[in-house]
Amino acid sequence: MSKVGVGLLLSAVLVLTPMWAAAAEFKVGVVDSMDIISKSAEGKRVEDSIKRKTEELSRPFAQKRQELAKQVEDFQKQGADAEKKLQQFKEKEGAPLFQKLEVAVKAVAQQEKLDMVLDKRSAGLLFMDPKLDLTDKVRSKFGN
């Protein structure tokens, strides 16, 4: 132990020794004040008063909370309906384009004698030789 550590230890012993001697005469008691208050008639009266005030103040908020929850639920249902309608609209509007694209891809695949053509945007393609990209050839068959 260092000299500083020994010095601090000795100082603590010298300072605390008189306190330990006096501690023999020093008595401590512990009280559970909340238990005493909550079980007393006066404490129960205050608790009931607080409970009534809490209910009084929270009643308008509880009603508003229910109204807002209903509005959120209605909004989510409307949003889901709108999403469903939008998806159906996209499919309906896009169907002729995808049919036209399918014809163009099939024509190029037959011309190039390919067994399979992958869409590089949705097939998870990570690498390909650029000479395999048929986009421009299909675009010409598609009409752009």
Side-chain angles (χ1 to χ4, degrees), residues 1-20 23 26-144:
M1 191 179 288
S2 70
K3 291 181 183 181
V4 174
V6 172
L8 287 174
L9 182 60
L10 277 174
S11 297
V13 169
L14 291 174
V15 169
L16 296 176
T17 300
M19 294 173 98
W20 287 327
F26 187 73
K27 295 182 179 182
V28 177
V30 176
V31 173
D32 186 345
S33 58
M34 291 308 295
D35 183 61
I36 294 169
I37 291 172
S38 67
K39 291 180 180 174
S40 71
E42 204 172 348
K44 289 179 182 179
R45 181 189 58 76
V46 169
E47 187 177 328
D48 288 343
S49 176
I50 291 171
K51 186 176 178 182
R52 282 192 306 274
K53 191 66 166 180
T54 301
E55 290 171 359
E56 174 190 328
L57 293 173
S58 65
R59 195 172 303 121
F61 294 108
Q63 182 179 354
K64 190 69 170 172
R65 186 178 299 118
Q66 288 176 342
E67 291 171 8
L68 289 173
K70 177 75 170 118
Q71 288 176 352
V72 167
E73 184 181 335
D74 291 345
F75 179 75
Q76 288 173 336
K77 285 179 184 176
Q78 291 172 2
D81 289 347
E83 281 292 322
K84 184 177 177 181
K85 288 177 183 177
L86 180 58
Q87 184 60 34
Q88 290 171 344
F89 180 77
K90 284 180 179 180
E91 289 173 10
K92 179 183 170 200
E93 290 294 307
L97 286 173
F98 285 107
Q99 289 171 352
K100 184 177 178 183
L101 178 63
E102 184 179 348
V103 170
V105 169
K106 186 175 181 180
V108 171
Q110 289 173 344
Q111 178 183 337
E112 299 289 323
K113 297 181 177 33
L114 300 173
D115 293 319
M116 182 185 299
V117 176
L118 301 174
D119 185 333
K120 68 180 176 182
R121 293 195 186 269
S122 62
L125 184 62
L126 298 177
F127 172 79
M128 68 169 218
D129 188 333
K131 69 181 178 189
L132 297 177
D133 189 347
L134 304 174
T135 304
D136 290 334
K137 290 180 181 180
V138 172
R139 188 184 331 274
S140 69
K141 295 280 187 194
F142 186 73
N144 283 348

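FYI, the numbering just counts along the sequence from 1. All figures in this text were calculated on a predicted structure; none of them were measured in a lab.
With rounding to the nearest 0.5 angstrom, the CG atom of Leu134 is 9.5 Å from the CG atom of Asp136. Atom CG of Asp48 sits about 15.0 Å away from atom NZ of Lys53, to the nearest 0.5 Å. Atom NZ of Lys106 and atom CG of Leu114 lie 14.0 Å apart (nearest 0.5 Å). Remark: Lys137 NZ to Gln111 CD distance equals 6.5 Å, nearest 0.5 Å. How far CD1 of Ile36 is from CD of Glu42: 13.0 Å, rounded to the nearest 0.5 Å. The CG atom of Leu57 sits 9.0 Å away from atom CZ of Arg59, with the distance rounded to the nearest 0.5 Å.
More than 12 non-hydrogen atoms from other residues, nucleotides or ligands lie less than 6.0 angstrom from CD of Gln87. Within a 6.0 Å radius of CD in Glu55, other residues, nucleotides and ligands contribute more than 12 heavy atoms.
Remark: the backbone N or O of Ile50 is paired with a side-chain donor or acceptor of Thr54 at under 3.5 angstrom.
Across every non-hydrogen atom of Ser38 and Lys44, the tightest pair is O-CG, 3.4 Å. In plain terms, the two heavy atoms of Asp119 and Arg121 that are nearest each other are OD1-N, 2.9 Å.
In this structure the side chain of Leu68 reaches within 4.5 angstrom of the side chain of Gln71, judged on heavy atoms.
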Test salt bridge (Lys or Arg N to Asp or Glu O under 4.0 Å) on Glu73 and Lys77; report intermediate values, then the result.
CA-CA 6 Å; Glu73 184 181 335; Lys77 285 179 184 176; 3.4 Å; yes
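The pair Lys70-Glu67 does not meet the salt-bridge criterion, since no charged nitrogen lies less than 4.0 angstrom from a carboxylate oxygen.
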